[in-house]
K.L.:
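Got a structure here, written out as structure tokens. Questions coming.
Note on naming: letters A, B, ... go to the chains in the order of the sequence lines (proteins, then strands), and numbering restarts at 1 for each one.
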Amino acid sequence: MLNIYNSQQFNFLKKHNFSVFTNKSLNKKEKKFLKTLYISCGIIDKNNSEISYKTEDILSILNYDSIARLEKFLNNIISKRVFYRIEEDNKLLQNGSFGIINSYSVYKGKVYFLLSEEILLSFVEKTLFSYLKIDKFIFMEENFSYNLYLYLIPLFYNQKEVNIELDKLKNILNAETSYERFYDFEKYILKKAIEDIVTFSKYNLSYYKMKTGKNINNKVTAIKFILNNKKPGNYFDVKYAANELLNMVKSHITNINEMYELILLYIVKRNYDYVLLNIKYVLANYTDNIEKHLKRALLYDLGNTEKTDKYTLYVEDIAHFKTPFILQMNLWRHLNKVSSEIPDYDDVNRLYYSDFFKKIIKLKDKEEFDFTNDSVRIFIKYNVKEESIIRIYIHKEV
DNA sequence: AATCTGTTTCTCCACCTTGA
DNA sequence: TCAAGGTGGAGAAACAGATT
């Protein structure tokens with residue numbers, strides 16, 4: 001059997017064909033629920049892979065009015081299974097099946113979930129389930145997004161732009177015969193697929209429409225995909241984030257391994273922004289002995305400077321949110337939008353490394369929350385009974 | 001198990017707007 | 001004036017729940 005924890009030795013993607021499918025398809029509501037779980041996956045750690053929500057939050061997300069109805073929904077989703085088949089030389093090598101959600105428990109006003117081990121493993125590099133891209137398969141809202149991801153992302157291995165003829169693209173996306181008008185195809189298929197890939201992977205993908213001539217109204221014949229800039233890994237990819245930060249100071253450091261371990265430690269112990277802020281502080285204020293100053297800065301948080309007025313209001317959302325959880329969902333949506341609207345702006349993704357969202361979920365009535373890093377400032381005032389305020393400010397230099 | 005009934009989702013299209 | 005861009009909605013299909 002293939003080693004599920006480390007399939008590196010199999011040169012997996014070159015040697016094997018694989019397919020992944022479910023016994024019963026997941027409907028919109030189930031996908032919405034899974035997306036909620038996915039966001040929470042960011043705050044899972046090795047010792048505690050349980051995800052929990054207040055019962056009222058989960059009821060309001062799914063628009064149910066009783067726990068009995070919720071349990072019916074959960075029992076139904078638990079009955080859905082993922083199947084996979086791996087082929088070598090066109091012969092079946094291994095196949096298998098696993099559930100998506102292992103269990104739920106209702107206890108004292110909260111609902112607890114355990115995801116299947118296979119899904120958690122799919123977030124860990126070089127495991128069998130990460131090669132099968134199980135996380136993308138489960139969490140992406142549309143099945144065709146998974147197909148596009150599998151086809152497209154490997155093509156970026158040695159190039160930054162990929163051109164795909166419209167016919168070929170429709171074939172990949174299972175839409176050869178439907179959506180004859182390009183406008184409809186773009187709206188219902190292409191944009192959704194891109195959105196899924198940007199939301200559920202570390203890749204920041206965009207596209208251009210290639211036309212027959214220079215006129216804006218010419219026929220679209222192909223799509224040029226562009227990989228803009230990498231996000232700092234997915235939620236679980238702390239090592240990737242540590243490497244990224246290490247690269248900023250690498251040239252000033254003699255003991256690289258020790259510094260790597262130190263950065264990794266502080267990302268886990270504090271958060272990504274904490275380390276980034278202190279690295280920037282040291283690089284801006286010192287020219288020699290960087291290593292020593294950085295250790296000091298990380299220990300005493302010297303880079304944590306006071307707020308400035310260099311921020312400009314970018315999003316304001318004043319609305320009634322029944323629970324802090326719903327507020328958090330909306331904030332998340334705004335942040336994704338900010339991230340996609342501002343070119344080369346991906347700092348928002350780094351918030352996932354901090355305990356940012358945990359704090360927002362715990363907001364109480366009339367409580368204010370003010371968060372600042374060097375590219376974004378987020379202000380929230382939460383009101384249970386009346387309208388709450390979400391304000392997102394962007395640093396003027398971004 | 002078969003039927004019906006109301007709801008959601010998917011696909012396509014008529015019609016309108018926009019800009020070269 | 002033309003074709004792409006955009007909107008809303010019709011009709012079909014799929015689905016879920018209730019009833020027989």
K.L.:
In whole Å, what is the span from the CZ atom of Phe185(A) to the C1' atom of dC13(B)?
P.N.:
19 Å
K.L.:
Within the 4.0 Å heavy-atom criterion, would you say Asn27(A) contacts the bases, only the backbone, or no part of the nucleic acid?
P.N.:
sugar-phosphate
K.L.:
Considering only heavy atoms and no angle criterion, is a donor-acceptor pair shorter than 3.5 Å present between the side chain of Arg181(A) and the base of dG5(C)?
P.N.:
no
K.L.:
Where the side chain of Arg69(A) is concerned, which of dG17(C), dG5(C), dT11(B) is the nearest nucleotide?
P.N.:
dG17(C)
K.L.:
Is it possible for you to say whether Val282(A) and Ile256(A) belong to one hydrophobic cluster, with membership spreading through side-chain heavy-atom contacts below 4.5 Å?
P.N.:
yes
K.L.:
Regarding Tyr104(A) and Glu71(A), do their side chains bring together a donor and an acceptor under 3.5 Å, going by distance alone?
P.N.:
yes
K.L.:
Rounding to a whole Å, what distance do you find between Leu26(A):CG and dA14(C):C1'?
P.N.:
15 Å
K.L.:
Taking the ring of Phe156(A) and the ring of Tyr203(A), is the distance between their centroids below 6.0 Å?
P.N.:
no
K.L.:
Rounded to whole angstrom units, what separation is found between the NZ atom of Lys192(A) and the P atom of dT11(B)?
P.N.:
9 Å
K.L.:
Can you tell me how far C1' of dG6(C) sits from NZ of Lys187(A), to the nearest Å?
P.N.:
7 Å
K.L.:
Taking CD from Glu186(A) and C1' from dC12(B), how many angstroms apart are they, rounded to a whole number?
P.N.:
17 Å
K.L.:
Among dC10(B), dG17(C), dG9(C), which nucleotide sits nearest the side chain of Tyr179(A)?
P.N.:
dC10(B)
K.L.:
Assuming nearest nucleotide by heavy-atom distance, tell me which of Lys191(A) and Lys72(A) is located more 5' along DNA chain C.
P.N.:
Lys191(A)
K.L.:
If I take atom CG in residue Leu190(A) and atom P in nucleotide dG5(C), what distance separates them, rounded to the nearest angstrom?
P.N.:
12 Å
K.L.:
When you measure from the centre of the six-membered ring of Phe73(A), is the NZ or CZ of Lys29(A) closer than 6.0 Å and no more than 45° off the axis?
P.N.:
no
K.L.:
Expressed in angstrom and rounded to an integer, what is the separation of Tyr183(A) atom OH from dT18(B) atom P?
P.N.:
14 Å
K.L.:
Would you classify Lys29(A) as touching base, sugar-phosphate or nothing, given that sugar-phosphate means primed atoms plus P, OP1 and OP2, and contacts are heavy atoms under 4.0 Å?
P.N.:
nothing
K.L.:
Do any side-chain nitrogens or oxygens of Lys28(A) fall under 4.0 Å of OP1 or OP2 in dC15(C)?
P.N.:
no
K.L.:
Between dC10(B) atom P and Glu180(A) atom CD, what is the distance in whole Å?
P.N.:
20 Å
K.L.:
Using a 3.5 Å distance criterion without hydrogens, assess whether the side chain of Asn163(A) forms a donor-acceptor pair with backbone atoms of Ala222(A).
P.N.:
no
